[in-house]
Structures are given as C-alpha cells and as structure tokens.
Amino acid sequence: MKYSIDEVKQYVQEDDVKFIRLAFCDVFGKQKNISIMPEELDRAFAYGIAFDASSIEGYGDETHSDLFLMPDSSTLMALPWRPEHGKVVRMYSDVTYPSGKPYECDTRYLLKQAIRAADEAGVSIFFGAEQEFYLFELDQNGKPTKIPYDDAGYMDVAPEDKGENIRREICLTLEQMGIRPESSHHEGGPGQNEIDFRYSDPLTAADNVMTFQTIVKTVARRNGLWADFSPKPLEHQPGNGFHINMSIRSRDGSDKLPYLIAGVLDKAAEMTAFLNPSQESYLRFGRSRAPRYISWSSENRSQLVRIPAAHGEYRRAELRSPDPTANPYLAFALIIYAGLYGIQNRLPMPEVVDQNLFRASAELISSLRKLPDSLEEACLLAKQSSFIAEHIPAAVLDIYCNK
C-alpha cells in the first residue's frame with residue numbers, strides 16, 4: 001500500500017507509533033537513517049529534516065554540510081521486529097539542499113531521473129532482484145567469523161540445510177512489509193542462501209533491495225548469526241551475486257526487450273565499476289556460474305545476460321554480473337539508460353552464444369569482449385566513457401574511482 005501524507009499522519013496517530021525512521025543511503029548504497037518523534041512529522045513533510053552531510057560518504061565536506069531529508073510518504077512501513085506497542089515505522093527519503101532543490105548525488109534522485117527519461121521515451125522498465133548471502137556463526141564476543149552455518153549445497157534440504165527456518169522467517173517478514181518473495185533456497189556454498197522477490201517498478205524495486213538486506217541482517221542477528229553479502233566471502237567457494245531481472249513494456253505495444261538487452265551488453269563494461277564496486281568483486285568473475293564475458297544466451301547461466309524460459313508477463317532478461325555491494329539505485333538507473341541507448345539506436349542483438357563459456361574453446365573465448373579484470377580497469381573504462389559522463393555526476397564517479 002502506498003500512503004499519502006495525510007494517511008501517514010493518521011496511521012502514526014492511530015497505531016501508537018513512537019519513532020519514525022527517515023531512511024536514505026550514501027553513494028555506495030549503505031543505508032542510513034535518522035529517527036524523529038511523531039511531533040516532528042509535520043515539519044518533516046513541510047520543510048525536511050536537516051542532517052550533517054559531511055559525515056556521509058559522497059555527500060560533501062564541512063563547508064557545505066547542511067542537507068535535508070524529505071520523507072516519501074508512499075514508502076511508509078512498520079518494522080515488524082520492533083515492539084508492537086510504541087511502534088517504529090520507516091519512510092525512505094529524498095535528499096535536498098536547504099532551498100529544496102534535489103541533491104544531485106542522491107542516488108535515489110538519479111534513479112527518478114532515469115525513470116522520467118524512460119517515460120518520455122514511451123517505455124516502462126521493471127526489475128526483479130535475486131540476492132545471495134552467506135550465514136556465518138558469531139564468536140563468543142558476538143563478532144562475525146568465517147565459519148559457515150552449515151555445509152549444505154545447492155537446493156539441499158534439512159537437516160543438511162540449517163538455513164531453512166531462517167529463510168522462512170525472512171520471507172514472512174518480507175510479506176509483513178509488503179514485499180512479495182517468490183522463492184528461496186540454499187545456494188551452492190556452505191551456509192549460502194538465496195531469496196528472490198517479485199518484479200516491480202524501478203524505484204520500488206530499489207527500495208525493496210535496501211529493505212531486503214536490512215531484514216536479512218536483522219533476522220540473522222536475532223538467530224545468533226551474521227549475514228554476509230560481500231562478493232567473495234570464502235576464497236574457494238561461490239561468490240554472492242545480485243542477479244537483476246529486467247522486463248520492458250512499450251506504450252506502442254512493440255517488443256523492445258531485444259533493444260534493452262543489446263544496450264545493456266553494449267554498455268556493460270563501462271557500467272561495471274558501479275555494478276561491482278569493490279576489489280573483491282572481481283575475484284568472483286569467471287567462477288561458479290559468475291560471468292566473465294559479454295555475451296547472451298537463452299537459459300545458459302555461464303553468460304552475462306540470459307533469457308530464462310518464461311511466458312507473457314514473466315518474459316525477462318537476467319543480468320548476472322552485479323553483486324550485492326552495488327547501490328541498487330545506481331545499478332537500475334544505469335541499466336535503464338543503457339536500455340534507452342539500445343532503443344534509440346535500434347541496436348541489434350549480438351550473435352547468441354549457446355555454449356558453456358567455462359568450458360569453451362580458446363578460439364571462441366578470444367572472439368568475445370570481457371568484463372574488466374579489476375576495479376582499476378573498470379574505473380578506467382568508466383572515466384573514459386561518454387555514456388557514464390552523461391548519466392553519472394562527476395562527484396559520484398570521483399568517489400567510486402578515486403577513493
């Protein structure tokens with residue numbers, strides 16, 4: 001349910017809400033929040049709530065440190081793990097200057113701009129997320145270890161799969177917060193899990209990714225465990241992927257999915273610094289079904305983009321290179337712009353590669369473009385890219401590639 005401002009005020013008054021979290025994230029997608037009391041809600045909606053931006057990565061320095069959070073009433077959600085009496089609710093917020101002008105390095109705002117560009121082009125793009133994570137034990141001081149919670153493998157069941165009840169608790173919590181999980185299972189690594197949720201519009205999908213990671217970490221901690229979303233938690237085990245499912249609808253009724261895919265493949269290398277923003281991200285490529293080459297196929301999980309077997313509204317393409325350290329607002333914005341580039345230029349799909357690239361011949365491999373081998377290479381491509389320069393503020397690029 002999407003709430004209006006008046007409905008938020010009524011809900012807070014009638015449902016014993018005592019704390020309101022205004023949530024946002026830094027440029028890398030790490031969630032932040034400020035809690036306000038119900039008495040401050042009118043001020044928050046009218047003027048925003050000021051915060052010290054100099055302490056947030058990518059949000060300026062001490063000379064221009066005052067920014068404001070403007071709550072988005074449509075994102076109101078009660079936090080079900082907080083007390084029933086004296087409830088805590090959360091709203092995602094937009095970041096603005098004191099004048100009310102949107103802050104250009106607010107990645108949620110950047111995604112809104114991309115959505116507007118898609119609408120002007122007569123298309124709507126939708127995203128579904130699949131995120132993998134490891135569950136590790138905590139030591140006697142409550143600190144994370146690298147000891148997996150179980151030794152189960154892909155889609156194993158209890159008793160080998162010890163994460164079954166935790167995934168169930170996560171899925172039930174997602175449902176309580178209005179997010180519809182579609183499936184969950186044990187992944188290939190020891191203690192590794194995956195939960196997929198239904199596609200939605202880009203802004204809702206990105207908000208849901210942020211909410212999902214918070215829920216997973218909260219439920220894991222309540223069960224005495226640590227949830228790890230890093231790209232390669234264990235050296236000799238599968239990495240964590242953030243598989244992004246993309247679908248598109250056009251107001252003229254035409255099929256523009258091939259152009260979307262072609263655009264994403266064309267700009268894939270230039271976008272990689274934002275889809276895989278850590279040094280560790282590049283240890284995952286080319287191993288355990290994580291792609292290394294820029295190619296596509298139907299169903300084949302060794303490819304960068306695959307088109308799963310599906311019909312009607314479920315027809316989509318899956319981008320398999322990103323990992324969960326990516327900021328979903330930036331990731332979805334760049335995918336939208338890449339898709340629009342493909343549509344505007346009527347890019348043809350590259351030739352399909354229906355082979356397992358983990359076992360392909362050297363001749364075939366040599367004919368394919370590669371994803372960057374390192375963050376340094378990815379940043380060099382991003383800095384040289386006119387596509388990135390057009391759609392990513394110079395300050396954000398500088399933070400990602402000169403940190």
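None of the values given here were measured: they were computed from a predicted structure. All heavy atoms count here, side chains included; hydrogens, waters and symmetry mates do not.
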**Request:** Report yes or no: do Glu169 and Asn223 form a side-chain donor-acceptor pair below 3.5 Å?
**Result:** yes
Over 60° means perpendicular and under 30° means parallel, so classify the ring planes of Phe387 and Tyr341, tilted if in between.
perpendicular
query: Just wondering, do Leu234 and Lys146 contact through their side chains at under 4.5 Å, heavy atoms?
result: yes
Separation between CG (Leu203) and CG (Leu111), nearest 0.5 Å, reads 5.5 Å
Taking every heavy atom of Ala50 against every heavy atom of Ile34, the minimum-distance pair comes out as O-CD1, 4.2 Å
Between Met349 and Pro258, the two heavy atoms sitting closest are SD-O, 3.3 Å
Verdict with supporting geometry, Asp207 and Tyr329, side chain to side chain donor-acceptor pair (under 3.5 Å): CA-CA 8 Å; Asp207 288 344; Tyr329 300 103; 2.5 Å; yes
Exercise for the section: Answer yes or no: is there a side-chain heavy-atom contact under 4.5 Å between Met246 and Leu319? Expected result: yes
Does Asp161 form a side chain to side chain donor-acceptor pair (under 3.5 Å) with His185? I'd like the steps, not just the answer. CA-CA 9 Å; Asp161 171 18; His185 59 86; over 6 Å; no
Next on the checklist: Could you check whether atom CZ of Phe19 has more than 12 heavy atoms from other residues, nucleotides or ligands sitting under 6.0 Å from it?
Outcome noted: no
Go through it in stages, so that I can follow the logic: the residues are Tyr134 and Tyr149, the test is ring pair (Phe, Tyr, Trp, His ring centres under 6.0 Å), and I'd like the CA-CA distance, side-chain angles, deciding distance and then a yes or no. CA-CA 8 Å; Tyr134 275 81; Tyr149 184 46; over 10 Å; no
Can you check whether Pro372 reaches Leu381 side chain to side chain, under 4.5 Å on heavy atoms? yes
Open item on the list: Applying salt bridge (Lys or Arg N to Asp or Glu O under 4.0 Å) to Arg320 and Glu318, what does each step give before you reach the verdict?
Closed with: CA-CA 6 Å; Arg320 296 180 57 81; Glu318 179 189 46; 3.1 Å; yes
Report the C-alpha distance between Asp119 and Arg251 in whole Å, list the side-chain angles of each, state the deciding distance to 0.1 Å, and finish with yes or no for salt bridge (Lys or Arg N to Asp or Glu O under 4.0 Å).
-> CA-CA 9 Å; Asp119 183 64; Arg251 283 202 289 270; 3.2 Å; yes
Within 6.0 Å of CD in Glu376, more than 12 heavy atoms from elsewhere = yes
**Prompt:** Got a salt bridge between Asp398 and Lys383, using NZ or NE/NH1/NH2 to carboxylate O under 4.0 Å?
**Reply:** no
>> Just checking Lys30: does its NZ atom have more than 12 heavy atoms from other residues, nucleotides or ligands closer to it than 6.0 angstrom?
In response: no
Check: Does a donor on one side chain and an acceptor on the other come within less than 3.5 Å for Ser183 and Asp196?
Finding: yes
#### Entry: Pair Lys162 + Asp151: basic N to acidic O under 4.0 Å
no
Residue pairs passing the ring-ring contact (aromatic ring centres under 6.0 Å, His included) test with at least one member in residues 212-256, sequence neighbours excluded, are Phe133-Phe229, Phe197-Phe212
With a 4.5 Å cut-off on side-chain heavy atoms, are Leu110 and Tyr337 touching? no
With under 30° as parallel and over 60° as perpendicular, where do the rings of Tyr400 and Phe28 fit, or are they tilted in between? tilted
Do the side-chain N and O atoms of Tyr11 and Glu7 include a donor-acceptor pair separated by under 3.5 angstrom?
-> no
Distance-only donor-acceptor check, side chains Ser4 and Asp6, under 3.5 Å
no
Rounded to the nearest 0.5 Å, the CD atom of Glu164 sits from the CG atom of Asp150 at a distance of 10.5 Å
> Side chains of Gln192 and Gln237: donor-acceptor distance under 3.5 Å anywhere?
Replying inline: no
- Worked check of salt bridge (Lys or Arg N to Asp or Glu O under 4.0 Å) between Asp323 and Lys232: CA-CA 9 Å; Asp323 65 63; Lys232 193 73 171 172; over 6 Å; no
Open item on the list: Could you tell me if the side chain of Phe136 sits less than 4.5 Å from the side chain of Ile147, heavy atoms only?
Closed with: no
For the residue pair Thr214 and Gln31, establish whether any side-chain heavy-atom pair is separated by less than 4.5 Å.
yes
ask   = Quick one: do the Thr204 and Asp201 side chains pair a donor with an acceptor below 3.5 Å?
value = yes
Practice task
Taking the side chain as every heavy atom from C-beta outward, state whether Ile392 and Leu330 have any atom pair closer than 4.5 Å.
Solution key: yes
Q | Pair Asp66-Asp52, side chain to side chain contact (heavy atoms under 4.5 Å, CB included): steps then yes or no | A | CA-CA 6 Å; Asp66 286 340; Asp52 177 10; 5.9 Å; no
Might you work through the ring pair (Phe, Tyr, Trp, His ring centres under 6.0 Å) test for Phe68 and Tyr103, ending with a clear yes or no? CA-CA 9 Å; Phe68 284 74; Tyr103 180 56; over 10 Å; no
* Asked: Does Asp16 CG have over 12 foreign heavy atoms under 6.0 Å away?
  -> yes
Side chain to side chain contact (heavy atoms under 4.5 Å, CB included) between Arg167 and His186: does it pass, once the steps are laid out? CA-CA 9 Å; Arg167 292 196 304 275; His186 199 286; 4.1 Å; yes
Next item on the list: Take Val17 and Val88 through the side chain to side chain contact (heavy atoms under 4.5 Å, CB included) test and state the conclusion after the steps.
Entry: CA-CA 6 Å; Val17 173; Val88 179; over 6 Å; no
Apply the test side chain to side chain donor-acceptor pair (under 3.5 Å) to residues Asn193 and Glu132: give CA-CA distance (whole Å), side-chain angles for both, the deciding distance (0.1 Å), then the verdict. CA-CA 6 Å; Asn193 299 266; Glu132 298 164 339; over 6 Å; no
inquiry  = Can you confirm whether more than 12 heavy atoms, excluding those of Arg346, are under 6.0 Å from its CZ atom?
reply    = no
Handout entry: Sidechain-backbone polar pair: Trp296 side chain, Pro350 backbone, donor-acceptor under 3.5 Å
Key = yes
Does the distance from a Lys or Arg side-chain N to an Asp or Glu carboxylate O, for Arg249 and Asp255, drop under 4.0 Å? no
TODO: Would you check if there is a donor-acceptor pair between the side chains of Ser297 and Gln303 at a distance under 3.5 Å?
DONE: no
Per side-chain hydrogen bond (donor to acceptor under 3.5 Å, both in side chains), Tyr92 is matched among Thr211, Asp72, Thr75 by Thr211
- Plane angle bin for Phe285 and Tyr282 - parallel if under 30°, tilted between 30 and 60°, otherwise perpendicular: perpendicular
Value for CD1 (Ile20) from CD1 (Ile36), rounded to nearest 0.5 Å, stands at 4.5 Å
